[in-house]
Amino acid sequence: MIRLHLNVDASCIPLFYSLFEKGVVLSANTGCTLRDFLCGQLRLSGDYLDQRVQTLFLDARPVDDVDKAVVRDGSTLALSAAMPGVLGATMRKGGRYAAFRKGISQPADECGICETSGRVTVKLFNMVAKEVGGRLLETGVEVDGSDLQRIADRYPGEVSRGIQKGRMDDHAITPDMAFFSTLPGKRVLLSVGIAG
Amino acid sequence: MDKILRINMSAPGGPAVKTEAPGNYAGLGGRAMTSAVVAKEVPPTCHPLGDANKLVIAPGILSGSAAAMSGRLSIGCKSPLTGGIKEANSGGQAAQVMGRLGYAAIIVEGKVPDDSQYKIFINKDGVKVESAADLKGLGNYATVDKLAAQYGKKVAFITIGQAGEMKMSAASIAVTDMEQRPTRHAGRGGVGAVMGSKGLKAIILDDDGMKMRPPADPEKFKAANKAFTEGLRKHPVTGEGLPAFGTNVLTNVVNEAGAYPTNNFRKGQFAGASNISGETQAALENKRGGEGSATHGCHRGCVIRCSGTFYDKNGNYVTKQPEYETVWAHGGNCGIDDIDMIAQLDRMDDDFGVDTIEMGATIGVAMDAGLAKFGDGKAAIKLLQEVGDGTPLGRILGNGAAVTGQVFGVERVPVVKRQSMPAYDPRAVQGMGVTYATTTMGADHTAGYAVTANLLGVGGNVNALKPEGQVELSRNLQIATAAIDSTGMCLFIAFAILDQPDTFNALVDLVGAFIGQPMTADDVTALGKSVLKNEREFNLAAGFTAKDDRLPDYFKKEALAPHNITFGVKDEELDTVFNW
Ligand code: SF4
């Protein structure tokens, strides 16, 4: 895995939010509840989790109780704000329409298992990506190099104007289109800071 | 809205118009109006394309007033797709204009005796019927261009494209938006074919010289409208999520849940979902820019503005922002993850005048039959072009997924009552499956869409976690939806009134202040139940039985990945949905 740090204009940060749609990998303490993971390790406030993050999936299963569901090594977690329509209502945590999807809901789990550390895939959608994504990019997330190249392909103008400088494994690099085209096939530990 | 317009297309010497008082239909709007007229006046066993069927067009009870969000238009008839009763509804400008002109309904009766075609012009001075021979064979866009040249840019149009003229069962009826483009459609159930069968190509609505409909209690109405609007603006779904990302914001979430039907309902997750998500679509639209790009309303008076405008990479207008259902139908359901191709398919659907859900599902079935490969966007465009051209293959596809599956010998055909399912797999979201199976409309997500049963007090309190909760929930949602569909309100108000009791109260006050008598939750329940009763009785008389309230067999046999789950709600449970 290569370590890549990019310094970008603040206006460029949203370009990277699409990474969270497919999911980024984080090294984390596991074997804890979703609340412990999100508030303790991702530093979401309790209010934000309870009020803003209305829809959560753990391994593709809608979660009703963040104090009961347990994050394990290899888990995939997805966070979203409240969604429209009866489907949105159905997927909401602890919602009135939970019966509509009882066949796929996350069962309550036993906490306190012996795992201590592992790797967790985190997906952030819609407003949650905007509100939480920047902070995770700052601290570092593991992504596929091909996804970074796709961003460069989609927004070549923004990438060449907005990404000021970069370092790869402690060496300075020029983060231009040619550089991004070398990334597919590589795992990248990416951190993004705002150029000051 | 104190009058009903009847147009008899069979009259000797050409269509005859008659304006009458609403009589027994007084006070009804939207779906309550269309279903009441169809249930009372259309013989249930008639041929849907015959002269006994009627096409009923009705604005909601609040349409044409200053009430926010009140511009939905209902169109009803006996459906050529399902053979049962149909209400399809649409946004666009027409409901507001029709309301201001004072019409509670336009009822189109009979059919022309030959292949002639007409247009109907309605303004403050009355109604004129004229030949539309010059519009024959034109798509909705060209039809609207020609009409605009004659009637100007300020009027609203209701039109059909080639599919409606060819009487295809997937044909929609187009309603023009604020820019006078034919982008809003009463899509489901083949209502466009019924309009085509009558020999009616276009309705032109001109409200020049007419005023907003006044409320009975202006002070209360104004205050309630303000509170209602503020409630919509402050809620995260109606004030943030929908304006920023549109309905397509659902793609990532439904896909994550494993409920996103992929490759003709073979899997519940699509690898290319993030390429066509609402987030990706909005970012692209914002980058390309242009008037009304990522946030736009489909009619004046919408404060949520879930829509947008899709331009190509050179900045040329393509279509309105494709909605979640459309992006799914032409996208994940066909394995296509190219948002520009999906937008092009949406434009073609709107131009030919076909339902995007039905066409996407049909192309998925055609791909399953081997007519094209999943993921081949160019092949999908070619298949859709056949529909517009009316080739023999196009005629098959244009009659929907059930016909296409039958012709090509495909077992996996996702329909109920011959209407295609929308974008949620009923194996993963089984409560949705209950609604698909039992609604009077054929598989339809909006049938069980709206408002919390508990808030309305519909059908008593439900313990959502009881195993049988989903049957009660589906029943209650169907009742509440039928009621909302009758007001002309956009169903997207649901979340704000679900979560914010003050917004719900503002809505109830708004309706009460407008009609001049207080509304209660019981009134809403009674209205919803009466609509469903009319519809159920029509379908029973048309020959439907409990066996029609079922999902196709394969949903009970084929497990859906990633949850590996089959549809498990028992037939006996489905049969209790309408026990109230
Ligand atoms: S919320 Fe969307 S569908 Fe509803 S009225 Fe507004 S633009 Fe139309």
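Basis for what follows: all heavy atoms, side chains included, without hydrogens, waters or symmetry-related copies. Naming convention: chains lettered A, B, ... in sequence-line order (proteins, then strands); numbering from 1 in each chain. These figures come from a predicted structure and were not determined experimentally.
- Residue A/E158 touches chain B through its side chain alone, counting heavy-atom pairs closer than 4.5 Å.
- With a threshold of 4.5 angstrom between heavy atoms, A/T76 approaches chain B through side-chain atoms but not through N, CA, C or O.
- Taking CG of A/L15 as the start and NZ of B/K287 as the end, the distance is 9.5 Å to the nearest 0.5 Å.
- In terms of modelled atom types and a separation under 3.5 Å, the side chain of B/H563 and the main chain of A/A60 share a donor-acceptor contact.
- Taking the salt bridge (Lys or Arg N to Asp or Glu O under 4.0 Å) definition, one finds that A/K123 meets it with B/E256, sequence neighbours left out.
- Using a 4.5 Å heavy-atom threshold, the side chains of A/F57 and B/V253 count as touching.
- For chain A, the option among B/V569, B/V429, B/N252 with the highest count of heavy-atom pairs below 4.5 Å is B/N252.
- Only the side chain of A/S80 comes within less than 4.5 Å of a heavy atom of chain B; its backbone N, CA, C and O stay farther away.
- Heavy atoms of B/N255 lying under 4.5 Å from chain A are absent altogether.
- Counting non-hydrogen atoms of neighbouring residues, nucleotides and ligands closer than 6.0 angstrom, the NZ atom of B/K556 exceeds 12 such neighbours.
- Of the listed residues B/V254, B/N275, B/V434, B/T238, the one with more heavy-atom pairs under 4.5 angstrom with chain A than any other is B/N275.
- Two residues are said to be in side-chain contact when any heavy atoms from C-beta on lie closer than 4.5 Å; B/E279 and A/E21 meet this criterion.
- Counting heavy atoms from C-beta on, the side chains of B/L250 and A/P84 come closer than 4.5 Å.
- For NZ of B/K570, the number of neighbouring non-hydrogen atoms (other residues, nucleotides, ligands) closer than 6.0 Å is 12 at most.
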Does the pair A/M83 and B/V237 meet the rule for a side-chain contact (heavy atoms from CB on, under 4.5 Å), with working shown? CA-CA 6 Å; A/M83 289 290 99; B/V237 169; 5.8 Å; no
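- Taken to the nearest 0.5 Å, the OG atom of B/S274 stands 10.0 Å off from the CG atom of A/L19.
- Ranked by heavy-atom pairs under 4.5 Å with chain A, the list B/A257, B/G258, B/P236 is led by B/A257.
- The line from CG of A/N126 to CD of B/E240 is 10.0 Å long, rounded to the nearest 0.5 Å.
- Side chains of B/T280 and A/R154 form a contact here, defined as non-hydrogen atoms less than 4.5 Å apart.
- Highest contact tally toward chain B, considering only A/R52, A/M91, A/M127, is held by A/M127 [criterion: heavy-atom pairs under 4.5 Å].
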